[in-house]
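As structure tokens, the structure follows; a few thoughts come after it.
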Number of protein chains: 2
Amino acid sequence: MQSPVALDAVALDAVALDAVGEPNRRLILELLHRHHESTVTELVDASGLRQPQVSKHLKVLSAASLVSVRADGRHRHYRLEARGLQAAHDWFASFEDVWQARFDALDALVAVDSPPSTNPEPDNNPQESHQ
Amino acid sequence: MQSPVALDAVALDAVALDAVGEPNRRLILELLHRHHESTVTELVDASGLRQPQVSKHLKVLSAASLVSVRADGRHRHYRLEARGLQAAHDWFASFEDVWQARFDALDALVAVDSPPSTNPEPDNNPQESHQ
DNA sequence: AGATTGTATTCCTTGGGGAGAATATGTAGG
DNA sequence: CCTACATATTCTCCCCAAGGAATACAATCT
């Protein structure tokens with residue numbers, strides 16, 4: 001038996017992105033982000049979904065390492081799990097050069113089209129400037 | 001009355017995340033990332049998908065502002081589009097505090113428990129959900 | 001013990017969307 | 001013009017997955 005760990009690691013972002021490609025699961029993730037931890041009934045209450053659907057979505061999210069569980073009596077406290085979130089985020093981050101190239105082009109255009117005015121920061125951080 | 005522009009902006013990341021939640025569309029995005037631009041037939045050739053599927057996936061990606069088109073004779077050159085990619089990336093970036101908190105905890109743990117033994121995963125998942 | 005609450009699971013139905021084949025549209029070239 | 005090529009669209013089929021209802025399982029309380 002060869003190590004399945006590497007395969008799992010490679011597939012992790014794929015599983016995570018598949019899981020996030022569903023509006024109600026994104027809703028659950030956003031709800032979990034607001035409160036530090038939530039039980040299933042709290043998520044049912046906050047989402048408007050029915051309990052079985054919430055449990056099923058949580059199962060998918062758990063398989064994608066997007067949430068983790070802590071058992072406490074008959075309650076189960078779910079929280080966000082870093083591994084899956086980071087894997088999905090990293091997948092998108094690999095495309096950062098695309099919008100950085102766009103900002104570079106914008107900078108060049110501004111530099112050509114405007115007189116040499118006082119430009120305080122010619123090398124700004126493009127990934128945090130939106131809107 | 002609220003501005004409909006804001007609603008469009010809000011929906012953009014949702015549309016983008018929905019679109020990316022499909023393996024073959026992610027494949028197309030990755031192929032487009034390698035080459036600066038690609039025609040449909042190039043994508044058909046590189047992906048192994050058939051031409052109608054590629055065109056249909058490109059249509060979805062285009063609606064999500066993940067790709068853009070440049071017409072050139074009877075060819076259509078597709079390239080990555082920053083808006084959708086960045087919107088989806090930003091959605092995940094809003095969860096950054098989750099894994100940064102984990103790194104902080106890891107730092108604290110290393111600082112206290114300083115022996116340099118290789119500790120593979122201090123973050124274990126106690127539940128067993130497999131099929 | 002039974003009752004009650006919290007959660008997971010099973011079964012069933014249904015709808016959406018992805019794949020395939022055929023066709024339409026559009027464009028260059030002889 | 002007619003043909004060949006590049007791409008888009010339509011139609012159909014089918015699978016999978018989300019939703020609903022009922023039930024099973026687990027744990028606390030009296």
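Only heavy atoms go into these numbers, but all of them, side chains included; no hydrogens, no water, no symmetry mates. The structure presented is a predicted model; accordingly, all values stated were derived computationally and were not measured.
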Side chain of B/R74 only, heavy atoms from C-beta on: which candidate in D/dA6, C/dG18, C/dT9 is closest? D/dA6

Any side-chain donor paired with an acceptor under 3.5 Å for B/D13 and B/H89? no

Atom CG of A/D72 and atom P of C/dG6 are separated, to the nearest Å, by 13 Å

Does B/Y78 put a side-chain nitrogen or oxygen below 4.0 Å from OP1 or OP2 of D/dA8? yes

Starting from P on D/dG19, measure out to CG on A/L49 and report it in whole angstrom. 7 Å

Distance in angstrom units between A/H77 NE2 and C/dG6 P, rounded: 12 Å

Using atom NE2 of B/H57 as one end and atom P of C/dG20 as the other, report the distance to the nearest whole Å. 10 Å

Sidechain N-carboxylate O distance under 4.0 Å for B/R25, B/D18: no

Just so I know, are the side chains of B/H33 and B/L80 near enough to count as touching, which here means a heavy-atom distance under 4.5 Å? yes

Within this structure, what is the CD1-to-P distance between B/I28 and C/dG18, rounded to whole angstrom? 11 Å

Could you check how far CZ of B/R50 sits from P of D/dT12, rounded to whole Å? 20 Å

When you check the phosphate oxygens OP1 and OP2 of D/dA8, does a side-chain N or O of B/R76 lie under 4.0 Å from one of them? yes

Assign A/T41 to base, sugar-phosphate, or nothing according to its heavy-atom contacts below 4.0 angstrom with the strands shown. sugar-phosphate

Between D/dA18 and A/R25, is there an OP1 or OP2 to side-chain N/O distance shorter than 4.0 Å? yes

Using heavy-atom distances to pick each residue's nearest nucleotide on DNA chain D, tell me which of A/E22 and B/H75 is more 5'. B/H75

Does any non-hydrogen side-chain atom of B/H57 lie less than 4.5 Å from one of B/N24? yes

For the side chain of A/P52, counting heavy atoms from C-beta on, which of C/dA8, D/dG19, D/dT9 is nearest? C/dA8

Using distance alone, with no hydrogens and no angle criterion, decide if B/W91 and A/E30 have a side-chain donor and acceptor under 3.5 Å apart. yes

Spacing of A/Q51 atom CD relative to D/dA21 atom P, expressed in whole Å: 13 Å

Can you measure A/N24 atom CG to D/dG20 atom C1' for me and round it to whole angstrom units? 14 Å

